[in-house]
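For reference, the structure is listed below as structure tokens.
Being a predicted model, the structure only gives us computed values, none of them experimental. Naming: A, B, ... by sequence-line order, numbering from 1 per chain. Excluded from the calculations below are hydrogen atoms, water molecules and symmetry mates; all remaining heavy atoms, backbone and side chain alike, are included.
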Amino acid sequence: MDQVFVAFKQWLVQLAPAPWQPVLSGLISVAAIIGTFASLFAITTLLERKGLARMQNRYGPNRVGPFGLLQPLADGVKALTKEDLVPRGADRVVHFLAPLVLVVPVFLALAVVPVGRNMTAVDLDAGVLFFFAVGAATELSVFMAGWSSRNKYSLLGAMRAIGQMISYEVPLILSAVTVIMATGSLSTVTIVAAQAGYSGGWPHWFVLTPWGLAGFVLFLIAATAESNRSPFDLPEGESEIIAGYYIEYSGFKFALFFLGEYIGMFAVSGLAITLFLGGWHAPFSFLTWVPSYAWFFAKLLALIGLFIWVRGTLPRLRMDQLMNFAWKFMLPMALVNILAAGLWRFVPPGPVRWVVCSLLVAGAYVGLGRVLFERQQFAKRTYRYG
Amino acid sequence: MITLLGIVTLAGAIAAMALRNLVHCALALVVAFGGLAALYLQLGAQFVGFAQALVYIGAVAILIVFAILLTRGSEGPQRRVFSASWAVGAGVALAVFGVLWGILLSSRALPAGMPPEPVATARGIGDQLMTKYILPLEVLGLLLTAALIGAVIIAIKDEG
């Protein structure tokens, strides 16, 4: 049951003549990734609208199909048949390319995420580096969209988005560095394998260590900011700059932006699962009979649920709060966390390293919080970049 | 495959020089960077290829774009793109190329034959960085941290 998809793919590949087998194998992996995550995108849009509606005491979509279950289908048809408007002053080529530059890299990033046992599309020697390298193109796409639209609001949104993404990329990568230090490898498959095994029924996930827990929380916050989701959704704040960098997109191009944003969220959640939550490993030793891919997608859905919950609960940050949080809190915390991970590596196992590392991380958290709170001044604010 | 990537990279570089709109030039430069990264990957240097994409597409290109937007805007230039002294520039470029060409052909490294293909894995590069090249690495780290702190200090002074 665990290897059913792997066996099916091998059976399919065997049917082809030998020279075509590598090509076919690649094609099947690509089709599987696009199919699975695009349908997950459809389900997530519905879940998000339903979940947000539940938190705001309303029904959410309930007209199409039973309980509104066919709503994603109706949205898709609507996006496809809508007129594609391009502003007269827009730079047509760049305007057309921007959604593609967003969607292609986020799907590429999913290639290195292990979704199950033997179920990684490409096991690269430098998988984590590849993930961040292709992620770099999304910032460019945001700029292309904002600049080419020839609209003040979309340019402001793009400037906000790029500033935010660059600032939060630093703690994102620094919190991932701890796991790379602990495993000594950049390969996602090796990182998942390092979290195998159980002691006393509990898994060896990195999130269950002091530095791992701090790293996971930092990574998740930075990931929320990277995917421009609430409470970090300043780039597309509806009440401030209408919709940010994709105001001037309509129809299917808008749907592509939407898709890219959600797939990016899945990819970065997948990386969080790989780095901290044990990848496709079961949470308890008596649950290992459940197929590995079921665990991966259960964890992914749990993280998506967390993102929806946060979006329904927290108000949007202000620009100065956003930047202060990234540079004055997240960055020092991530650096202290790297120190804690290094100590964890060299102090012999036992209660000593638990106490030392926990004290280090908790002390940094409390200390930073106090210092920042006391130095907070309530004066006239100045704004830059809108 | 290498020829194709070379053509893409060169086309991007030429477009970056020849286009009128500065933002278009920056985007064409990104194409050249991407082509270069793909070229590294094609040659089996995974780590260098990914680092190229991360640093040049993710950071340098964004920096250039920001600089263009914050300084003179994205309006096209009124003058011609080619300056009047382009012939002199071409002459200098040809001279430099000739010198490099001559030095490369007369060097003793070439006739010695192809060296055995090195294995450039991420692990190998990391091992080398942490053992043989530890001093340059630390110096670079110190320099970059100093630059980071310096940038923050300049930014703070501006605000007051």
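- Leu186(A) touches chain B through its side chain: at least one heavy atom from C-beta onward sits under 4.5 Å away, while N, CA, C and O do not.
- Top candidate by heavy-atom pairs under 4.5 Å with chain B, chosen from Leu155(A), Leu140(A), Leu97(A), Val93(A), is Leu140(A).
- Expressed to the nearest 0.5 Å, how far CD1 of Ile162(A) lies from CD1 of Ile62(B) amounts to 5.0 Å.
- Residue pairs meeting the ring pair (Phe, Tyr, Trp, His ring centres under 6.0 Å) criterion with at least one partner in residues 11-33 of chain B, sequence neighbours excluded, are Trp147(A)-His24(B), Phe33(B)-Tyr56(B).
- Residue Phe130(A) touches chain B through both its backbone and its side chain, counting heavy-atom pairs closer than 4.5 Å.
- When all heavy atoms are compared, the tightest approach of Ala133(A) to Ala53(B) is CB-CB, 4.0 Å.
- Contact of Met144(A) with chain B is made through the side chain alone, with heavy-atom distances under 4.5 Å.
- Only the side chain of Val30(B) has a heavy atom closer than 4.5 Å to any heavy atom of chain A.
- The two residues Leu54(B) and Phe132(A) have their closest heavy-atom pair at CD1-O, 3.3 Å.
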